[in-house]
Protein chains: 2
Amino acid sequence: MTDQPDFDIRSFLPYLLNQAAEESSLAFQHHYKQRYGMLRTEWRVLFHLGRYGAMTANAIGTRAKMHKTKISRAVAALEQKRYLTRQKVESDRRHEKLTLTAAGRKVYADLCAVAGTYDAQLLAPFSAEEQALLKRALERLAKL
Amino acid sequence: MTDQPDFDIRSFLPYLLNQAAEESSLAFQHHYKQRYGMLRTEWRVLFHLGRYGAMTANAIGTRAKMHKTKISRAVAALEQKRYLTRQKVESDRRHEKLTLTAAGRKVYADLCAVAGTYDAQLLAPFSAEEQALLKRALERLAKL
DNA sequence: GCTTGTTAGTTACAAATTCAACTATTAGGG
DNA sequence: CCCTAATAGTTGAATTTGTAACTAACAAGC
């Protein structure tokens with residue numbers, strides 16, 4: 001029985017990352033849930049379309065590392081909320097180009113503003129070097 | 001319409017943390033799922049009991065910031081797998097003291113060893129100072 | 001132009017999580 | 001004591017997610 005009493009789950013990196021991710025997303029989650037009735041999958045799709053312009057569901061999946069079923073459902077929900085429209089691509093009619101509507105862009109702009117200030121608030125306790133290191137480390141761990 | 005085209009979701013801290021958390025837990029998740037048929041909630045409970053000794057479900061909840069229904073179900077599953085036993089606390093019979101069985105401690109020891117090497121592997125690309133900073137930052141963000 | 005294989009996206013069903021209501025037990029007045 | 005409030009833990013129903021099978025469209029080889 002090789003016990004390792006010195007190993008503490010609370011310093012296990014995946015655990016720590018998960019705790020930090022959950023805690024840090026709470027306040028923002030509240031915002032898009034209460035105000036727009038959206039799920040995390042939905043605002044992610046919205047953000048990607050808002051930031052990178054119209055694209056297919058598949059392209060979002062590659063960028064955001066989201067499974068296609070999640071995207072399919074998020075897109076359906078956003079379509080019903082009239083935040084985006086679909087358009088079959090004529091050159092290959094399996095693809096659908098997703099485009100934000102005016103309403104969708106407005107929600108995107110609002111959430112962007114909120115996310116921006118919220119992000120700054122989260123990062124405030126750290127120095128510029130610490131912030132840079134933290135982001136680089138996370139990107140590396142996320143294999144982005 | 002106050003667009004903020006410079007705000008990128010991919011550097012939004014909660015998003016980054018979530019991506020890193022998901023990616024970094026993949027390989028370990030595979031291990032406890034395949035080998036022991038456990039869920040994340042279950043190994044978390046197991047780890048807490050293994051590391052900090054017998055305690056009540058409530059105490060685990062406070063430490064691990066897990067909701068009591070998650071814990072209740074995880075404990076039921078671990079009990080069925082014969083990894084722990086319950087015992088009503090005589091001084092207050094609402095509480096149940098949870099104790100790992102020999103089998104439970106064995107699984108804990110095995111997963112500890114795996115987690116230990118896995119953690120080291122994840123941290124390997126970073127210098128000692130970077131590792132320390134990363135952990136402090138995450139603990140702070142997780143409000144631990 | 002058929003067969004086979006591949007890709008985009010959807011849907012159905014199973015598994016997991018959340019939320020709210022529930023039981024059982026204790027604590028604190030009056 | 002009895003009534004109310006609070007706490008530990010469980011359970012059931014509704015959401016949400018994951019897995020796998022599905023449709024539709026295209027592509028390549030023959």
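Order of the sequence lines sets the chain letters (A, B, ...), proteins ahead of strands, with each chain counted from 1.
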Does [N] have OP1 or OP2 under 4.0 Å away from a side-chain N or O of [X]?
X     : N      : result
A/S72 : C/dG9  : no
B/K70 : C/dT18 : yes
B/R86 : D/dA8  : no

Check: When the aromatic ring centroids of B/F7 and B/F12 are compared, is their separation below 6.0 Å?
Finding: yes

Check: Counting only N and O atoms by type, is there a donor-acceptor contact under 3.5 Å from the side chain of A/E96 to the main-chain atoms of A/R86?
Finding: no

Item checked: Residue closer to the 5' end of DNA chain C, A/R73 versus A/K33 (nearest nucleotide) -> A/R73

Check: Taking the nucleotide of DNA chain D with the closest heavy atom to each, which residue, A/S91 or A/T41, is nearer the 5' end?
Finding: A/T41

Note to self: I want to confirm an ordering. Mapping A/R94 and B/A59 to their closest nucleotides on DNA chain D, which one lands closer to the 5' end?
What the structure shows: B/A59

Item checked: Cation over ring face, B/R63 and B/Y52, 6.0 Å, 45° -> yes

Margin query: Once hydrogens and angles are ignored, does a donor-acceptor distance under 3.5 Å link the base of C/dT25 to the side chain of B/R93?
Written below: no

Between [X] ([atom1]) and [N] ([atom2]), how many Å, whole number?
X     : N      : atom1 : atom2 : answer
A/Q87 : C/dA8  : CD    : P     : 18 Å
A/K97 : C/dG9  : NZ    : C1'   : 18 Å
A/R40 : D/dT16 : CZ    : P     : 12 Å
B/K88 : C/dT25 : NZ    : P     : 7 Å

Notebook entry, point to check: If you look at every strand shown and take non-hydrogen atoms under 4.0 Å, does B/I71 touch a base, only sugar-phosphate, or nothing?
Noted result: nothing

Check: How is B/H67 classified with respect to the nucleic acid when contacts are heavy atoms under 4.0 Å: base, sugar-phosphate, or nothing?
Finding: nothing

Next item on the list: Please work out whether the ring planes of A/Y32 and A/W43 are parallel, tilted or perpendicular, with thresholds of 30° and 60°.
Entry: tilted

Note to self: If you only use heavy atoms from C-beta on, which nucleotide in D/dT10, C/dG9, D/dC26 is closest to the side chain of B/T69?
What the structure shows: D/dT10

Next item on the list: Step through the shown structure and confirm whether more than 12 heavy atoms of other residues, nucleotides or ligands are within 6.0 Å of NZ on B/K135.
Entry: yes

